[in-house]
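Accompanying notes for the structure given below.
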Amino acid sequence: MTSVRTTSTRYDHQAIEAKWRERWEKDGIYRVDDDDSRPNWYELHMYPYPSGDLHIGHWYAMSGADLHARFKRMSGFNVLHPMGFDAFGLNAENAAIQRGIHPFKWTMSNIENMRLQLRSMGPMYDWDREIITCTPDYYKWNQWFFLQFYKKGLAYRGFAPVNWCPSCKTVLANEQVIDGMCERSDTPVEQRDMNQWFFKITDYAEELLDQSKIDWPERINTMQTNWVGRSEGVEVEFDISEYGLEQKTLRTFTTRIDTVFGVTFVVLAPEHPLVPELTIKEQKAEVADYIHQASLETEIERLSTEKEKTGVFTGAYCINRLNGERVPILTADYVLHTYGTGVVMGVPAHDARDFIFAKKYGLPIRVVVAPPDWDGGDLEDAYLAEGTQVNSGEFDGLSSSEGLQKIADHIEAQGWGERKVNYRMRDWLVSRQRYWGTPIPIIYCPECGEVPVPDDELPVVLPEDAEFLPTGESPLALHEGFVNVPCPDCGRPSKRETDTMDTFVDSSWYFLRYASAGFQDGPFDPEAIKKWNPVDQYTGGVEHAVMHLLYARFFTKALRDLGLIDFDEPFVRLFNQGTIIYQHQKMSKSRGNVIAPDDYVNEVGADVVRSYLMFLGPWEAGGDWSDSGINGVARWANRVWEVANRDSSELDHSPVNENSVRDVQRALHKTIKKVSDDMDSFKFNTAIASLMELTNTLTQAWERSDLTSDAWNEAVSNLVAMMAPITPYLSEELWEATGHESSVHTQSWPEWDESLAADETITLVVQVNGRLRDRIEVPVGIEEDTAKETALSSPKIQPHIQGKDVSKVIYVPGRLVNIVAG
RNA sequence: GCCGAAGUGGCGGAAUGGUAGACGCGGCGGUCUCAAACACCGUUGGGCAUAACGCCCGUGGGAGUUCGACUCUCCCCUUCGGCACCA
């Protein structure tokens, strides 16, 4: 804590929290029954990595999720709101290497601590359903799914480049590479080619683009769409038969087949296997040198748009079949081997990159799509927009959009190529050269090759007695007892796969396990799945937009196709909470601006911390923590405490003002309506503001002492009930203190009565030429003519319209009159 | 460079075509106190002011639509996120 805080609670929050934690546990009020007369509602928040400490960001995210889940429960649903731990991962392994603690021990003691911290938050988790992914009874099913995928051709082994951190001596996932640097050590990441296991997510590229069955934030949908990166085009062949190679043509992919008559060169990626074969003797040395240089570059350097384009001539040519032209073949590293066919047709007149490249190497630039006002001269820049086909043989004169279709038709008719859809998304690389993950259940037999571990031998358990050395090699590879195994098919001495799975595999199906957490006969009980899944409301950070959220969708679709589940999407609705910052910066230990929630919980209690986090701004926007800001919420909690503890019978000794009673009743019903709407739509900050207003109304009414005790009690009870999702401990205590039995958390959400919420009078706003000039209290049902008349005759209005023509009087029922005078 | 979100008092924010600044923080004045802190009450966008129940200005900047714009349209600026040679 960096500044002095002075507001403390007027109640013993520590005693109250302890009391109700114990009581709730004893009464089992958060135990969820699969079968209940109420409709089921599955509200899930992304499970945390057990780093060992529940930081303020967790509190922010999980308080909001819990608030919403509690609101749903009070609103008549049987709510499942479970919690677990994403327990595999590199941190645990690094702790083992650096401090000699076994990852399992490190992880489990972290979980124990975090579980305590989570409990202090007062959430409605049913801990009987807790999931810990590093336990064999969980990761067994990762292996089982892997083998199901393998048998279906959805898991395969291939050779691929990966991100390698030379400092950490390990591969990194893409998301752990930030601007070309390892996020952990800030070391530039290198490319390495390794044998890897993949999941064939690209099989589902098209379906992943279909977002019609999910109600997710637009920006997440956009990010996923961009990630999948669909593009329609044509694969067209260029003739290289003159070289007598096995391969007679070069296939290129283009989205702009309308520009094919403008091809003045063809470029191969340096890694393309045909480059050495096509290169003529005189160019061999230069090309070999170029390929070598390209191989030394990091992916980041290579993909930098700033970098100057380079390339070399192979000395070979190919024939553009559309016009019979012979064009040079080059190799250049701006062409990616991994996208499309790894070969690009160079159309400098109509592609920015090709234009720069052609200028640099003196290659011809031929316009084939004429800009509207083209004078036939040279272009200053590549022309990318639509135009008219020129220099395009029989297609001259067509618009380029027509040309695109006609040329594609022509190519298909001639058999020179065909329309093709390409995706930017690659298959999901799931191998990791790490210990602390799920062992991949494959055995390599010298005779039989890749052999899946038989189902009845699952799980392949991580050996506990591994040596953790910072060699960069998985401890599993060094563990003789683990590696050496007889082939399940032929019994010959064989070796186990020693890579483990990406931890995103764990999180790709964990939401299916909560429904039947301890289930032994499969990854989940199909009956339980039917009752709970898919998840009705998912919440979590936006950082998982294209990793976890995409993988989980893929898994769901794959499991559906395996006949294991019968729905298409894992999470029907998604809401992303924002990030909480401090002093206008991201919190970080190195910056020393970290807010430790436990300190504040000790000081002002969990309820106040929860309320403050939910109050400081819209949940999706995140917000800036302020020590003085939390005081305001603590004061509110104190005021509510005071209000709820008043002896309402005192009111029976003073005269009652019926208007005052009605005013409080109206305020109550308006508040119920507002808070119901706001909580349902995650607008927690304005919900709390409304509850504060109601509290203020009650405080003032008490000062006037003109209410009936019934009116007072009704308002107080409803205030306490509405606060229950936000301040579970305080509300429960006050619920009991105001003479109620059983838990406030099992109560029904208050209902509002539209007629009781209705105003009897309105403030009629009177404007002259759109400027506010008067406000007049009028009856709510005022007639249009009366309203206009009232407005025009107002003494404050008169001076503004005196001597002017009133050309128009606009009336907005129940709101305002605007007099147009000139 | 491209795509997206946002820009409102001293601060966090509210209001999505109709009273700008709800609610809260902070400030100021007061009560309590020996005093301070806490708490509570009042007040608080800026300016003018004949001091009124008044007027003017004000939601990043500029234009526009409208009786009326924080809100809709166009252009520009700034900030934050995401993507970035994908042919």
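Salt bridge E642(A)/R10(A): present, at least one basic N to carboxylate O contact under 4.0 Å. By the 4.0 Å N-to-carboxylate-O rule, R230(A) lies close enough to E206(A) to be salt-bridged with it. Of the charged side-chain nitrogens involved, none lies within less than 4.0 Å of a carboxylate oxygen, so that K309(A) and D333(A) do not count as a salt-bridged pair. Taking 4.0 Å as the cut-off between side-chain N and carboxylate O, D677(A) and K673(A) do not count as a salt-bridged pair. In summary, E325(A) and R366(A) engage in a salt bridge, as defined by a charged side-chain N under 4.0 Å from a carboxylate O. Salt bridge E760(A)/R666(A): present, at least one basic N to carboxylate O contact under 4.0 Å.
Summarising the geometry, the separation between CD on E642(A) and C1' on A39(B) is reported as 10 Å, rounded to the nearest angstrom. Rounded to a whole Å, the CD1 atom of I801(A) is 19 Å from the P atom of C67(B). Protein atom CD of E784(A) is 17 Å distant from nucleotide atom P of C67(B), rounded to whole Å. As a whole-Å value, the separation of N221(A) CG from G81(B) P is 22 Å. Between M692(A) atom CE and G12(B) atom P the separation is 17 Å, expressed in whole Å. Atom-to-atom, CH2 of W625(A) to P of C11(B) comes out at 21 Å; the value is rounded to the nearest Å. Atom CD of Q767(A) and atom P of C55(B) are 13 Å apart (whole Å). Rounded to an integer number of Å, the gap from E703(A) CD to U31(B) P is 18 Å.
Base orientation of G45(B): anti, since the glycosidic angle falls outside 90° of 0.
Residue contacts for N226(A): at a heavy-atom cut-off of 4.0 Å it reaches no nucleic acid atom on any strand shown. Contacts of R815(A) with the nucleic acid, taken as non-hydrogen atoms under 4.0 Å apart, involve only primed sugar atoms and P, OP1 or OP2. Within the 4.0 angstrom heavy-atom criterion, only backbone atoms of the sugar-phosphate kind lie near L616(A); the bases stay farther away. If you check every strand for non-hydrogen atoms under 4.0 Å, H800(A) touches sugar and phosphate atoms only. Within the nucleic acid shown, P795(A) has no heavy atom closer than 4.0 Å to any nucleic acid atom. Residue Y423(A) is out of contact with every strand shown, counting any heavy-atom pair closer than 4.0 Å. Contacts of E693(A) with the nucleic acid, taken as non-hydrogen atoms under 4.0 Å apart, involve only primed sugar atoms and P, OP1 or OP2. Residue T255(A) is in sugar-phosphate contact alone, with no base atom involved, counting any heavy-atom pair closer than 4.0 Å across all strands shown.
Nucleotide G81(B) has C3(B) as its partner under the Watson-Crick or G-U criteria, with both atom distances under 3.5 Å. Both distances falling under 3.5 Å, in either a Watson-Crick or a G-U wobble arrangement, occur for no nucleotide opposite G68(B). Using N1 to N3 plus N6-O4 or O6-N4 for Watson-Crick, or N1-O2 and O6-N3 for G-U wobble, each under 3.5 Å, C32(B) pairs with nothing. The partner of U43(B), taking Watson-Crick or G-U wobble pairs whose two distances both stay under 3.5 Å, is G27(B). Base pairing of A22(B) is not made with any nucleotide, judged by Watson-Crick or G-U wobble geometry with both donor-acceptor distances under 3.5 Å. U73(B) is paired with A63(B) under the Watson-Crick or G-U wobble criterion, all donor-acceptor distances under 3.5 Å. In a base pair of the Watson-Crick type (N1 to N3 plus N6-O4 or O6-N4) or a G-U wobble (N1-O2 and O6-N3), with each distance short of 3.5 Å, U50(B) is matched with no nucleotide. When both pairing distances are held under 3.5 Å, A87(B) makes no Watson-Crick or G-U pair with any nucleotide shown.
Checking G68(B), G26(B), A87(B) against every side-chain atom of N631(A), the shortest atom distance belongs to G26(B). Distance from the side chain of K796(A) is smallest for C53(B) among the nucleotides C53(B), G13(B), A87(B). Out of C25(B), C85(B), C40(B), the shortest distance to the side chain of D333(A) is found at C85(B). You'll find that the side chain of I810(A) is closest to C67(B), out of C67(B), G24(B), A87(B). The M223(A) side chain lies nearest to G82(B) when the options are C23(B), G82(B), A14(B). With distances taken from any side-chain atom of F615(A) to the nucleotides C85(B), G4(B), G24(B), the minimum falls on G24(B). Which of C67(B), G4(B), A87(B) sits closest to the side chain of V335(A) comes down to A87(B). Of the candidates A15(B), G18(B), A87(B), G18(B) carries the atom nearest the L816(A) side chain, counting heavy atoms from C-beta on.
Note on R773(A): a side-chain N or O is less than 4.0 Å away from OP1 or OP2 of C55(B). Residue S231(A) has a polar side-chain atom (N or O) positioned under 4.0 Å from OP1 or OP2 of A87(B). OP1 or OP2 of A14(B) lies within a sub-4.0 Å distance of a side-chain N or O belonging to N685(A). Within the 4.0 Å cut-off from OP1 or OP2 of G24(B), at least one side-chain nitrogen or oxygen of N696(A) is found. Look at R635(A) and you won't find any side-chain N or O under 4.0 angstrom from OP1 or OP2 of C23(B). An OP1 or OP2 oxygen of G54(B) is reached within less than 4.0 angstrom by no side-chain nitrogen or oxygen of R771(A).
Counting only heavy atoms from C-beta outward, the side chains of I56(A) and L613(A) approach each other to under 4.5 Å. Contact check for F615(A) versus I726(A): no side-chain heavy atoms found under the 4.5 Å cut-off.
Across A5(B) and G68(B), the matching C1' atoms stand 28 Å from one another, rounded to whole Å. For the P atom pair drawn from U50(B) and A14(B), the interatomic distance equals 40 Å after rounding to whole Å. Annotation: G54(B) and C32(B) have their P atoms spaced 35 Å apart (nearest Å). Rounded to whole Å, the separation between the C1' atoms of C55(B) and G61(B) comes to 27 Å. Straight-line distance between the C1' atoms of G26(B) and U78(B): roughly 27 Å, to the nearest whole Å. For the C1' atom pair drawn from G4(B) and G13(B), the interatomic distance equals 23 Å after rounding to whole Å. For the C1' atom pair drawn from C57(B) and U8(B), the interatomic distance equals 15 Å after rounding to whole Å. Here the separation of A63(B) from C70(B), taken at their P atoms, is 15 Å to the nearest Å.
When each of T686(A) and R639(A) is assigned the nucleotide of RNA chain B bearing its nearest heavy atom, the one mapping closer to the 5' terminus is T686(A). Remark on RNA chain B: of its neighbouring residues N638(A) and K808(A), the 5'-side contact belongs to N638(A), judged by nearest-heavy-atom nucleotide.
Ring geometry, H337(A) versus H272(A): the interplanar angle exceeds 60°, so the pair is classed perpendicular (tilted spans 30 to 60°).
Cation-pi geometry between R553(A) and W216(A) is met: under 6.0 angstrom from the ring centre, within 45 degrees of the axis.
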